[in-house]
Amino acid sequence: METKDESQQPVEQLIANRRAKLDALREMGQDPYPRRFRVERSVSEARSLYEGLSAEELEKDPPVVRLGGRLRAVRGHGKVSFADLSDGLGQIQLYVKKNDLDESAWLVFKQLDLGDFLGVEGPVFRTRAGELSVAVKELTVLSKALRPLPEKYHGLADREARARQRYLDLLSNPESREVFEIRSKAISSIRRRLEAAGFIEVETPMMQPIPGGATARPFVTHHNTLDLDLYLRIAPELFLKRLIVGGFERVFELNRNFRNEGISTRHNPEFTMLEFYWAYADYELLMDFTEELISGVVEEVTGGLEVEWGGHTIDFSRPWRRLKMRDAILEYSDLTPDDLVGRERMEKAARDLDVQRIDERSDGNLLAELYEMTAEPLMINPTFIMDFPRQISPFAKSCPDDPETVERFELFIGGMELANAFTELNDPDEQRRRLEFQAAEQGGMVDEDFVLAMEHGLPPTGGEGIGIDRLIMLLTNQSSIRDAILFPQLRPRE
RNA sequence: GGGCCGUUAGCUCAAUUGGCAGAGCAAGUGACUCUUAAUCACUAGGUUGGAGGUUCGAUUCCUCCACGGCUCACCA
């Protein structure tokens, strides 16, 4: 459909300009979207390969390269043009000289826009300014871009656009690309370290008939043929423990969980969790292993053990502090040991700290809430908070000297909960009682099939979950989980 | 869900005690055979997020809505 110049909106004008060039290319017999263009190496590979060579060395024996990439800048200079060809990671300058090209190739070059993909071939040399460049002899359009990219210098700044059109963010903001490169490296490092420690990676159901292993509202879906409501998992825990029953002694799963709760700078409805289960381990051993695993990843990915995050310097060097929950409350508040004894005194302490809905909470929940209100935000360097109330820990084994307290820890870094682990309860009768108590308290279902598995014998086991997105936040100095996830959940436009 | 803040050209940003909405990049035309945020000249580009209201006049003030950010609540 032809539109009149007057009625055209600005973007549409820009698109129309590009479409006109698209048509021009076709008229010249150039396919703007050809099938293939085989490159010998990427732009950044070529760059690192020839970067060390001087102008003289290149001149003596000029290497001919064949590269594909996106056109990111053109500096026209009459019958000569300089251009930047990018592979996303790095770029190399193109030197395009009218006299060195077929006339048709020069005309093709004139129909290019910033953002187009093109393939080039030619010898590598250095310009007088010393810039490594390809003297283009052949030039092919590989994909014509119909819309303009964000500005080359400032990139894309609008936070909403950056999340909605992540490809533009990645293209134009190198620091954003770096976040996700670090994410990839960190996850790969975690996998390698677990495998080196004898763990095997497994996959367990994401769609579960009874969502268990955590307390959170699940997403519901429906299987038509079975006519069965299924829940997206809130944790893989109960399936991983079935595998320990089945004789896999060290298993891990590094994948998505789904929780139908609020969205915040620390919560995304789908998030990546590492869970691992280790037969014959207990929570003490898990703390040692967690220190080793995370500090190893931090060092491998950042090159050191100190990380700048949210205005703090976080020191990951070992050993990390281990503090009982009760002691953490006492250390980081004005409360005394007496304030934590008995329902009445704890309620008073909670009221003084503005804890909401106090009467709905169990004693154990109240204690955990006191911790959250006092010490938690101050746990900047890695700190294990140990020994949780039994009432809020249905899968953890009690401490030998105190049945109301369990062998459980959470790891806090930068004031965030990063990991949660315990010596797994393996007494099936006790497990059934705990799940029934939990179901009665909070609603929910008892996973009898899980208890059945445990009745066949679960060895002493340590199990842990680590929030990967939050770890990435720490590694990349991001204050919001949205900036550590490529496509975070957003409300649909319009 | 509550409170506060934001939304101006494709992108990055200005501006108005309420009085013709402006720049850089990108785009178009022209000049230019070593530039690199190339340069120079000219041109075009706007329903100031949307809908109402107040006003002679609203981009600016008010109300509602949409989306986003921060924060509290909810929630591990």
Side-chain angles (χ1 to χ4, degrees), chain A residues 5-18 20-21 55 71-85 91-100 113-115 125-133 135 145-165 168-169 171-173 213-218 234-235 257 259-269 271 273 354-357 360 365 368-369 371-372 376 388 392-393 408 410-412 416-420 442 465 467 470 479-480 482-483 488 490-494:
Chain A
D5 283 355
E6 296 79 49
S7 67
Q8 279 173 340
Q9 294 299 301
V11 206
E12 289 166 356
Q13 181 62 59
L14 297 175
I15 293 171
N17 290 343
R18 286 168 180 254
K21 294 179 186 177
L71 189 64
R72 294 310 308 273
V74 175
R75 295 174 290 280
H77 220 290
K79 296 184 178 62
V80 160
S81 276
F82 298 90
D84 295 332
L85 192 70
Q91 56 185 43
I92 196 162
Q93 180 168 266
L94 304 181
Y95 179 69
V96 185
K97 192 168 162 185
K98 188 180 180 194
N99 294 351
D100 283 359
D113 285 297
L114 301 189
F125 75 110
R126 279 188 190 278
T127 62
R128 271 175 227 159
E131 181 76 27
L132 194 69
S133 308
L146 297 180
R147 288 173 186 271
L149 299 181
E151 202 222 12
K152 62 185 170 188
Y153 190 60
H154 297 96
L156 189 67
D158 180 70
R159 293 176 66 87
E160 186 179 349
R162 286 179 50 198
R164 284 190 198 279
Q165 292 184 282
L168 295 180
D169 179 36
L171 266 171
S172 54
N173 299 325
T215 49
R217 275 182 296 171
I234 55 176
N257 288 346
R259 297 186 183 176
N260 204 341
E261 309 282 2
I263 297 176
S264 78
T265 49
R266 292 174 183 192
H267 299 84
N268 195 60
F271 62 101
M273 178 95 124
D354 262 340
V355 173
Q356 306 288 308
R357 287 190 311 285
E360 293 170 32
N365 188 294
E369 191 61 26
Y371 163 74
E372 284 185 31
E376 183 178 301
F388 277 58
I392 57 166
S393 313
R408 170 179 176 187
E410 288 187 351
L411 170 63
F412 289 86
M416 285 192 292
E417 178 196 335
L418 214 81
N420 179 22
Q442 307 180 355
R470 290 180 181 176
S479 59
S480 170
R482 276 185 297 276
D483 298 317
L490 296 175
R491 224 176 265 269
R493 266 307 208 184
E494 280 141 342

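We name chains A, B, ... by the order of the sequence lines, and we start the count at 1 in each one.
Base contact: Glu410(A) has a heavy atom under 4.0 Å from a base atom. Counting any heavy atom pair closer than 4.0 Å across all strands shown, Ile15(A) reaches no nucleic acid atom. Residue Arg72(A) is out of contact with every strand shown, counting any heavy-atom pair closer than 4.0 Å. Heavy atoms of Ala214(A) sit nowhere under 4.0 angstrom from any nucleic acid atom. At the heavy-atom level, Arg482(A) lies under 4.0 Å from the strands shown only through sugar-phosphate atoms. Residue contacts shown for Thr265(A) are limited to sugar-phosphate atoms, with no base heavy atom under 4.0 Å away. Within 4.0 Å (heavy atoms only), Gln165(A) reaches no atom of the nucleic acid at all.
Separation of atoms CG (Asp354(A)) and CD (Glu369(A)) is listed at 11.0 Å; rounding is to 0.5 Å. Put simply, CG on Leu171(A) and CG on Asp169(A) are 9.0 Å apart, with the number rounded to the nearest 0.5 Å. Remark: Arg470(A) CZ to Leu411(A) CG distance equals 11.5 Å, nearest 0.5 Å.
Closest approach of Asn420(A) and Glu410(A) over heavy atoms only: OD1-CG, 3.6 Å. Counting all heavy atoms, side chain and backbone alike, Gly155(A) lies closest to Asn173(A) at CA-OD1, 3.5 Å.
Screening Arg75(A), Glu131(A), Arg126(A) for a side chain to side chain donor-acceptor pair (under 3.5 Å) involving Gln93(A) leaves a single residue, Arg75(A).
For the pair His267(A) NE2 and A73(B) P, the interatomic distance rounds to 12 Å; values are reported in whole Å. Following rounding to the nearest Å, Glu360(A) (CD) and A73(B) (P) show an atom-to-atom distance of 15 Å. The distance between atom CG of Asp483(A) and atom C1' of G69(B), rounded to the nearest whole Å, is 11 Å. Protein atom CG of Asn173(A) is 18 Å distant from nucleotide atom P of A37(B), rounded to whole Å. Rounded to an integer number of Å, the gap from Arg217(A) CZ to G1(B) P is 12 Å. One interatomic measurement links the two molecules: CZ of Arg126(A) to P of U35(B), which rounds to 16 Å at whole-angstrom precision. One atom, CD1 of Ile263(A), and another, P of C67(B), lie 12 Å apart when rounded to the nearest Å. Taking atom CG of residue Leu94(A) and atom P of nucleotide C34(B), one finds them 17 Å apart after rounding to whole Å.
Taking the ring pair (Phe, Tyr, Trp, His ring centres under 6.0 Å) definition, one finds that Tyr371(A) meets it with Phe412(A), sequence neighbours left out. Phe388(A) is linked by a ring pair (Phe, Tyr, Trp, His ring centres under 6.0 Å) to nothing, counting only residues two or more places apart in sequence or in another chain.
Between U36(B), C75(B), C11(B), one nucleotide has an atom nearer to the side chain of Glu131(A) than all others, and that is U36(B).
Taking the C1' atom of each, G46(B) and C32(B) are spaced 33 Å apart, rounded to whole Å. U35(B) and C40(B) are spaced 15 Å apart, taking the P atom of each and rounding to whole Å. Rounded to the nearest Å, the gap between the C1' atom of C25(B) and that of A44(B) is 15 Å. Rounded to whole Å, the separation between the C1' atoms of U8(B) and C70(B) comes to 22 Å. Nucleotides A15(B) and G53(B) place their C1' atoms 25 Å apart, quoted to the nearest Å. The P atoms of U43(B) and A38(B) are separated by 23 Å, rounded to the nearest whole Å. A14(B) sits 24 Å from A27(B) when the P atoms are compared, rounded to a whole Å. Taking atom C1' in both G10(B) and C4(B), one finds a spacing of 31 Å when rounded to whole Å.
At least one side-chain heavy atom of Arg72(A) sits under 4.5 Å from a side-chain heavy atom of Leu149(A). Counting heavy atoms from C-beta outward, Leu114(A) and Pro148(A) have side chains that stay 4.5 Å or more apart. In this structure the side chain of Glu261(A) never reaches within 4.5 angstrom of the side chain of His267(A), judged on heavy atoms. Residues Ile15(A) and Arg147(A) are in side-chain contact: their nearest non-hydrogen atoms beyond the backbone lie under 4.5 Å apart. Taking the side chain as every heavy atom from C-beta outward, Ser172(A) and Glu151(A) never approach each other to under 4.5 Å. By the 4.5 Å heavy-atom criterion applied to side chains, Glu360(A) and Asn365(A) are not counted as neighbours. Side-chain contact between Lys79(A) and Lys97(A) is absent, with no heavy-atom pair separated by less than 4.5 Å.
Side chain of Arg408(A) to backbone of Ile392(A): a donor-acceptor contact under 3.5 angstrom is found. Judged by distance alone, the side chain of Gln165(A) and the main-chain N or O of Ala163(A) form no donor-acceptor pair under 3.5 Å.
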Filtered N/O pairs between nucleotides 30-33 of chain B and protein, under 3.5 Å:
residue : atom : partner  : partner atom : Å
C32(B)  : N3   : Gly78(A) : N            : 3.0
C32(B)  : N4   : Gly78(A) : N            : 3.4
U33(B)  : O4   : Asn99(A) : ND2          : 2.3

Between protein and nucleotides 25-29 of chain B, what N or O pairs are separated by less than 3.5 Å?
residue : atom : partner   : partner atom : Å
A26(B)  : OP1  : Lys152(A) : NZ           : 3.1
A27(B)  : O2'  : Asn17(A)  : ND2          : 2.2
G28(B)  : OP1  : Lys21(A)  : NZ           : 2.6

For each nucleotide in nucleotides 4-9 of chain B, reading 5' to 3', give B when a protein heavy atom comes within less than 4.0 Å of its base, S when such contact involves only the sugar-phosphate, and - otherwise.
------
For RNA chain B, just give me the dot-bracket, please: Watson-Crick or G-U, both distances below 3.5 Å, ( ) intra-strand, [ ] crossing earlier pairs, | paired with another strand, . unpaired.
(((((((..((((.....[..)))).(((((.......))))).....(((((..]....))))))))))))....
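Taking only side-chain nitrogens and oxygens, Arg357(A) comes nearer than 4.0 Å to OP1 or OP2 of C74(B). The side chain of Arg491(A) places an N or O atom within less than 4.0 Å of a non-bridging phosphate oxygen (OP1 or OP2) of C67(B). Contact annotation: Arg75(A) reaches the phosphate of A38(B) (side-chain N/O to OP1 or OP2, under 4.0 Å).
Positionally, the nearest nucleotide of RNA chain B for Asp158(A) lies more toward the 5' end than for the other of Arg128(A) and Asp158(A). For the pair His154(A) and Gln93(A), both in contact range of RNA chain B, the more 5′-proximal nearest nucleotide belongs to His154(A).
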